[in-house]
Each structure stands twice: as C-alpha cells, then as structure tokens.
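Inspection log for the structure reproduced underneath, given as structure tokens.
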Number of protein chains: 2
Amino acid sequence: MMAAVSANADAPRPAAPPPEHGKAARRSASWTIAHTADDTDRPSGSQSIQRAFVLLNLVGVLARDRPDGVSLAELTRVSGRPKASVRRVLVALVAEGYVEQDPDTACYRLGLQAGVLGELAGHRAGDLSEVSTDSLIRIADASTDTTFLTVRHGSYGVCTRRQEGPGPIRNYALAVGDRHPLGVGAGSLAVLSALSDENVEAVLTATATTRSHYPGFDDETLRNLVRRSRQAGYALNDGRVIAGSWALGVAVHDAAGRPVAALSVASIAERFDPERRDELAALLQTEAETIHAALTRSQESRPARGQP
Amino acid sequence: MMAAVSANADAPRPAAPPPEHGKAARRSASWTIAHTADDTDRPSGSQSIQRAFVLLNLVGVLARDRPDGVSLAELTRVSGRPKASVRRVLVALVAEGYVEQDPDTACYRLGLQAGVLGELAGHRAGDLSEVSTDSLIRIADASTDTTFLTVRHGSYGVCTRRQEGPGPIRNYALAVGDRHPLGVGAGSLAVLSALSDENVEAVLTATATTRSHYPGFDDETLRNLVRRSRQAGYALNDGRVIAGSWALGVAVHDAAGRPVAALSVASIAERFDPERRDELAALLQTEAETIHAALTRSQESRPARGQP
DNA sequence: GATCAGTGGTCCACAATATGGACCGTTGCG
DNA sequence: CGCAACGGTCCATATTGTGGACCACTGATC
C-alpha cells in the first residue's frame, strides 16, 4: 500500500503541504498523485464541481484498502483545502450517496452510488477494460507477476485494472485509481513514447506543474526515457517511482491507431534482467496486438445500432 | 427497456415536462424516476454539486443501453434545467473523466473515471452487493425469472443488481441505477413495509413531491400496500408501476436488524398465481436470511483492523 | 431553395452561491 | 490539567455559477 496522494493542481500557492517524502507523516499517504486532469484547464464556471470530483477521487483512492474509511482530517491535509470546504463538499457527496460516513469512526468511504455508477459504466461491451481482461490474466499467469492496465486520460495515465500474478512477489507501487502524468511509470511511459514528438512536448508542458512533485521526472529526463523506450520497443521503469520497484510496459492502440492505453508488468529489480525483459516485452506486445484487434473488430460492428 | 426518467425534485415549478406517459415523446424515456435523494434536504451551500451528480446519474441511466450516449437536448429536456447550465456541468464532468462525449454524435455517456470509481467501490468485502450475488443467482435459476437487489438509500430504493433468469421472459421494468421512492415496486415496498409505522410516515412525507409523478401511489394506497405486505410476509407489486409487469419482494436486514435492502423477482402477471407466490416468497425469504447471516458474520469479524 | 424546427455551442450582466477563517465542544494523550 | 488534534458549525464576503438570449449548422418539409 502507501499509495499516492495530494498536490491539487488548482492552487498554485506553494502552501508547503507535503512535508517532503521523508518521514511520512501520520498514517497518511507518503507520496504524490495527480487527482485532476489538466493543469492547463480553464475551470470556467464549474470550480466547485471540479473540487467535488477531485475529493471524490481522493476518497476512493485513500479509502481503497481501509475498510473504515478516511478521516476528515486526512482529507483536508491531503487535498490542501480548508477543512470547512472539504466538509461541506463531503456532506454533499454523502447526501448524493457517492460517499458514506461510518457512523462509528466518522470516517468517509465510497458509498452506494459509486458502486452503481461503476455497474452502469463497467459492462460497456467493446470497451477497453472489457476486452483486455483476458489479456491481463494471461500475462499475469505467464509472467507470475502483477499486471496492470493503464488508460490514457488527457495528459495523464490512470490505472484502471490490476491483476495479481500467481508468484510470491507482490507489488504495491500502483493500484486501481492511481493517476500519474504520462511518462511516470512503465505503462504511462509506454503511452507517452507512442505519441508524436509534438504531442510529447504538449504533454510535457501540460503536466509541468504536476510533475514538480515527482522528483526525477523533469522534461529532459522524460525526453530521454521516451527515446530509450522507442528504441527498445518497450518502456522500462527502472525503479524511478519507488526504489526497487521495476516495471515494463507496452502501449495499446485503439481502432484508429492512437495509443490509448498500456499493459505493464511490475516486480522487483532482480526479475528484469535483459533476457527476461525481451520475453516480457514480446508477451505484452502480443497481447497488446490482441486487444488492438478486438477493438478494431468491435469498432467495425458499430454502425449497426439495432434495438428490439 | 424504456426506463424511467425526469422530474428533478429541486425545481418545484410545474414546468409541465412529461407529456404524460401516453405516446412516448421521441426516443426519450417515457416515465419517471427520482434522481436525487431527499426532497426534504437543505442543499445548504452545495447546490451546484448536487446538480452535477443528478446529471451524472442521469447520464448513467439514460445511456445505459445506448452505446452512442445521450444527446444534450434529451438531457436538458429530462433534467428540466436550462440548456446552458446542463452543458456547463457536462463539460465539467467530461473534464473530470466521469463522462465522455462521442466525437461523432456529440452525445454523452459515462466515462473512464466512472468505471474506476466502481472498481474502487465495488469489491468491498462484506458489502451487501458482494454477499448477495450468490443468492441472486440461485433465485434467478430457481425461479427462471429476473431477480433484483434493491438497496435502501434514505427514503428511496436503488436497484443495484439485476440477474437474468434462464427463462424466456424478460422484464425491463427495472434496471441497475433506477431509483424510486420506497414503496414503488416490489423490493422497494418490501423495505418500506419492514420499517416501523413511524418511519413509514416519515418516508411518505419525504417522498410526497416525488411521488406526485407516480400515478397511483398516494399516501393512502401505500399505507394499504404496507399493511397487505406485512400480513402476507412479502411485498407484491401487481402491475402498479407498469401494467402487466408483476413482482414479488422480501426485505433483507443488516447485522443490526434494520431493513437495508430487498430481493425481488419480476415477471408477467400470469406467473404469480397464489401457489407460486408462496413458493417464491419462501425462496426469497431463505436467501434473505442467508444474506442477513453473512452480513452478521462479516460484521462480527470487523473490530480487528489489522494491517501489515 | 427558402422555411422551420431541431440540434450543439457560446456569451456575459447579474446575484445567488460557495467560500473559508474563526470558533465551539470533545476526546485522548502526557 | 493543559494541549493538540479531532469533527463540526457559523456567517459576512465576493467569487462563483447562473441562464436567457444568441449564433451556426443540419436536415426535413413545402
């Protein structure tokens, strides 16, 4: 666990919120995640809504492995917003059923409607998540490591699925719901590397402020990583996000050929010697191609919009 | 299909939105659903957030069986709000990734983050949905009819799960995400009937304005239905919501003994002769008890909040 | 090809709405 | 018994969201 938090993009005030990643304060999260989409965006008349959803994401991610939920204090700390505001929003979310408050601990976790929304969104046939489940399972089985599906969303990558492998090694560097700038993490880097140079630059500028919270991911480093990934045919994260935690990713292209996601496998550094890298890359590439084919197929059968 | 829509509670202006349920206008929905929680609630400083989530629910429900999504026009029509406002909120939702807009049709459907949220909320062990899946499958198999799990949320009931039976009869009266006042529909009525008289009255007043859109569900009728349900030991919806579509429901109690949900089975009127009613009621009651037991068990094992 | 009803999308003066610093009542630690 | 950290509440303020009016486009229908 120890999963990723903080640094809301909208308040450029330094605010000095995260006491570095040194001795992690309290039981709160120790590191950074991007909760909102673009830094570049112009809120233009919906700031409160944006804040509400950022907070909702935060509740989801922070309460992920905590059945009791997240405390108001932690949410205020991590969101960097005044307590009163956070609470007001939380009350609204509770009223809507998207968040529920534990009557005993007074902590917050995702509520009924969150599940309903997932139910409504999840089983969209022809959807990426839908068609990639089999691939994820195959990769996890074959590699015996933890496998991820990262989906591109604007200039960011969101982990939308995670499949544990049968092996003894567990990797907690990435979990469903985590969001990082494109380029941070193997899958995310694979997507970035599959973009045109022009788009890469656009992403770099768009994620600049967010990336200031990620040590060791400056523009130049990322450009180098992109170059290396293109050359190798796969993206390698050699412990840059969390020391000792390595991963290897390959981009997935949609029917139109655009890189919209990535498959990746994570484990400890020792399991990424050159030979195994090639094996893994081949494995991932095959499955990425399978998914691409499935997406293309389901795209072709679209125009028919029959109905009983 | 033809599933349920409209009548946002916050705008008491008559507005004459739904042209009755007669010749369904356009391809839009023909009937009513409650999208927001309480009529009684005091928005107190979060009206825009409430509106955003109401709209999000609306997108989810309306786009449910429509891969292309919902048009802006339909959303404005059905939400009863000015187009500009609806659009502004939609843009915000899109920016957050909870809604996506089809680049071709310009229609809106649930987006990436909606699925992620569901993923984060869904697999909460010890959760109601989690422990009731087996029961739903068993009921659907045994009855050969469509089976539902309805969860109480305030004075309303939300359909959170739906299991098709192997039989030839399909029922489209209720689908995941649909929300109705307690008392409307078999499962919903089962929950209402399991409440104390005092609570029943509270629900009746809370849902009064919403229920004005549901013909044939006035206070007196509901009180009669509650009385009948308590006597029979099960709730019967004899085609009151949609003609010819009957259903039978039984309440599910949580570890503390409160009725928090209901199991129900729906089919055509012909399949609800007295004998079969008793069979179904017994079946549902057994499963409701099973779920209750599971909830109690998982509740007891709670206090231990260990962590590596 | 002009009309019209229907889309999706944009603008901006106005005030209702969300904001957040200050404050209160508890709890639990030293 | 302070003291710190907690959840929760208040309310004057101006920032924020509001929504009527308007534009451009499309495709029936006359």
Side-chain angles (χ1 to χ4, degrees), chain A residues 8 10-13 15 17 19 25-28 41-55 59 62-63 68-96 99-109, chain B residues 8 10-11 13 15 17 19 25-28 41-55 59 62-63 66 68-96 99-109:
Chain A
N8 188 343
D10 71 355
R13 50 157 109 154
R26 303 236 144 239
R27 59 173 295 159
S28 94
D41 63 355
R42 352 100 267 200
S44 82
S46 51
Q47 170 193 104
S48 75
I49 294 179
Q50 198 235 13
R51 286 176 174 166
F53 279 92
V54 168
L55 217 159
V59 171
L62 289 182
D68 295 334
V70 212
S71 68
L72 170 61
E74 181 167 357
L75 283 170
T76 58
R77 225 176 295 127
V78 126
S79 67
R81 305 199 43 64
K83 188 176 58 171
S85 302
V86 172
R87 209 187 106 81
R88 177 161 23 84
V89 174
L90 279 173
V91 168
L93 292 177
V94 169
E96 291 306 313
V99 166
E100 63 184 25
Q101 186 174 27
D102 191 304
D104 301 326
T105 66
C107 285
Y108 300 88
R109 65 176 93 91
Chain B
N8 188 343
D10 69 356
R13 48 158 111 157
R26 303 232 145 243
R27 59 172 295 157
S28 95
D41 63 355
R42 350 103 267 201
S44 84
S46 51
Q47 164 193 108
S48 75
I49 295 180
Q50 199 235 14
R51 287 178 175 166
F53 279 92
V54 168
L55 217 157
V59 171
L62 290 183
R66 237 174 296 174
D68 295 334
V70 212
S71 68
L72 171 61
E74 181 167 358
L75 283 170
T76 58
R77 225 176 294 127
V78 127
S79 68
R81 304 200 43 65
K83 187 176 56 170
S85 301
V86 172
R87 209 186 105 82
R88 179 164 18 86
V89 174
L90 279 173
V91 168
L93 292 177
V94 169
E96 292 306 312
V99 166
E100 63 185 24
Q101 186 174 26
D102 191 305
D104 301 326
T105 65
C107 285
Y108 299 88
R109 67 177 90 93

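For the numbers below, each heavy atom of this structure counts, side chains included, while hydrogens, waters and symmetry mates do not. Throughout, protein chains are lettered first and strands after them, A, B, ... in sequence-line order, and every chain is numbered starting at 1.
The backbone N or O of A:Ala106 sits less than 3.5 Å from a side-chain atom of A:Gln101, completing a donor-acceptor pair.
In this structure, A:Arg87 reaches the D:dT9 phosphate: one of its side-chain N or O atoms is under 4.0 Å from OP1 or OP2. Contact between the side-chain N/O atoms of B:Arg81 and the OP1/OP2 oxygens of D:dG19 is found at a separation under 4.0 Å. OP1 or OP2 of C:dT19 has at least one side-chain nitrogen or oxygen of A:Arg51 nearer than 4.0 Å. At the phosphate of C:dT19, OP1 or OP2 sits under 4.0 Å from a side-chain N or O atom of A:Arg88.
Atom CG of B:Leu75 is separated from atom P of C:dT7 by 12 Å (rounded to the nearest Å). The distance between atom CG of B:Leu72 and atom P of D:dG19, rounded to the nearest whole Å, is 15 Å. With rounding to whole Å, B:Leu90 atom CG is found 15 Å from D:dG17 atom C1'. The OH-C1' distance, from B:Tyr108 to C:dG9, rounds to 8 Å in whole Å. Atoms CG (A:Asp104) and C1' (C:dT27) sit 16 Å apart, rounded to a whole Å. Taking atom CD of residue B:Glu74 and atom P of nucleotide C:dT7, one finds them 10 Å apart after rounding to whole Å. Going from atom CD of A:Gln47 over to atom C1' of D:dA14 covers 12 Å, rounded to whole Å.
Each of A:Ser71 and A:Ile49 was matched to the nucleotide of DNA chain D holding its nearest heavy atom; the match closer to the 5' end belongs to A:Ser71.
Residues passing the side chain to side chain contact (heavy atoms under 4.5 Å, CB included) test with A:Arg88 are A:Ser85, sequence neighbours excluded. Here A:Ala73 pairs with A:Ser71, A:Arg77 under the side chain to side chain contact (heavy atoms under 4.5 Å, CB included) rule; sequence neighbours left out.
Among the nucleotides C:dG8, D:dT18, C:dT19, the one closest to any side-chain atom of B:Gln101 is C:dG8.
If you check every strand for non-hydrogen atoms under 4.0 Å, A:Ser48 touches sugar and phosphate atoms only. B:Ala73 comes within contact range of the sugar-phosphate backbone alone, with a heavy-atom separation under 4.0 Å but no base atom that close.
Here the straight-line distance linking atom CG of A:Leu55 with atom OH of A:Tyr108 works out to 10.0 Å at 0.5 Å rounding.
Interface remark: the B:Lys83 side chain does not form any donor-acceptor pair with the D:dG19 base, using a distance-only criterion of under 3.5 Å.
Paired with B:Glu74 under the rule side-chain contact (heavy atoms from CB on, under 4.5 Å), one option of B:Thr76, B:Leu72, B:Val70 passes, and it is B:Val70.
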